[in-house]
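A quick write-up on the structure given underneath.
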Amino acid sequence: MVGYITDLTIVALLIIGFTALLGVLTNGIGERFFGGKNKSQFVDQSVRVQTGWKSVGGKKK
(Lines give C-alpha, C1' and ligand atoms only; values in the text may rest on other atoms or scores of the structure.)
Protein backbone atom coordinates (compact mmCIF):
# COMPACT_ATOMS: atom_id res chain seq x y z
CA MET A 1 0.00 0.00 0.00
CA VAL A 2 2.87 2.37 0.82
CA GLY A 3 4.44 1.56 -2.56
CA TYR A 4 1.19 2.39 -4.36
CA ILE A 5 0.90 5.77 -2.61
CA THR A 6 4.55 6.53 -3.35
CA ASP A 7 4.11 5.64 -7.03
CA LEU A 8 0.92 7.68 -7.27
CA THR A 9 2.63 10.68 -5.67
CA ILE A 10 5.61 10.48 -8.02
CA VAL A 11 3.40 10.19 -11.10
CA ALA A 12 1.20 13.07 -9.93
CA LEU A 13 4.23 15.30 -9.35
CA LEU A 14 5.67 14.43 -12.75
CA ILE A 15 2.37 15.17 -14.50
CA ILE A 16 1.94 18.48 -12.67
CA GLY A 17 5.56 19.47 -13.29
CA PHE A 18 5.42 18.54 -16.97
CA THR A 19 2.17 20.45 -17.44
CA ALA A 20 3.59 23.56 -15.75
CA LEU A 21 6.79 23.40 -17.82
CA LEU A 22 4.85 22.89 -21.03
CA GLY A 23 2.64 25.88 -20.23
CA VAL A 24 5.63 28.17 -19.68
CA LEU A 25 7.33 26.99 -22.88
CA THR A 26 4.16 27.37 -24.94
CA ASN A 27 3.56 30.86 -23.57
CA GLY A 28 7.13 31.92 -24.37
CA ILE A 29 6.91 30.56 -27.92
CA GLY A 30 3.54 32.24 -28.42
CA GLU A 31 4.78 35.61 -27.22
CA ARG A 32 7.94 35.39 -29.30
CA PHE A 33 6.33 34.41 -32.61
CA PHE A 34 2.83 35.84 -32.33
CA GLY A 35 3.35 38.77 -29.94
CA GLY A 36 3.89 41.37 -32.64
CA LYS A 37 4.97 44.77 -31.43
CA ASN A 38 3.03 44.52 -28.14
CA LYS A 39 5.27 41.82 -26.60
CA SER A 40 6.19 43.85 -23.54
CA GLN A 41 2.91 45.72 -23.12
CA PHE A 42 2.24 44.49 -19.58
CA VAL A 43 5.86 44.86 -18.44
CA ASP A 44 5.99 48.41 -19.75
CA GLN A 45 2.71 49.30 -18.02
CA SER A 46 3.99 47.85 -14.74
CA VAL A 47 7.19 49.89 -14.98
CA ARG A 48 5.18 53.05 -15.68
CA VAL A 49 2.95 52.46 -12.67
CA GLN A 50 5.93 51.82 -10.36
CA THR A 51 7.92 54.88 -11.45
CA GLY A 52 8.70 57.03 -8.42
CA TRP A 53 7.93 54.37 -5.79
CA LYS A 54 10.21 54.13 -2.80
CA SER A 55 12.19 50.93 -2.38
CA VAL A 56 11.23 49.05 0.75
CA GLY A 57 12.95 46.33 2.72
CA GLY A 58 16.58 45.41 3.00
CA LYS A 59 19.64 47.57 3.32
CA LYS A 60 21.18 49.48 0.46
CA LYS A 61 24.78 48.59 -0.16
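Bear in mind the structure is a predicted one, so any value in this text is a computation, not a measurement.
Of the candidates Ile15, Leu8, Leu14, Val11 forms a side-chain contact (heavy atoms from CB on, under 4.5 Å) with just one, namely Ile15.
If you take CG on Leu21 and CZ on Phe18, they are separated by 7.5 Å, rounding to the nearest 0.5 Å. The line from CD1 of Ile5 to CD1 of Ile10 is 12.0 Å long, rounded to the nearest 0.5 Å.
Remark: Leu13 pairs with Thr9 by the side chain to side chain contact (heavy atoms under 4.5 Å, CB included) rule, at least two apart or across chains. With sequence neighbours excluded, the residues forming a side-chain hydrogen bond (donor to acceptor under 3.5 Å, both in side chains) with Arg48 are Gln45, listed by chain and number.
Cluster membership for Leu22 and Val24, using ILVMFWY side-chain heavy atoms within less than 4.5 angstrom, is not shared.
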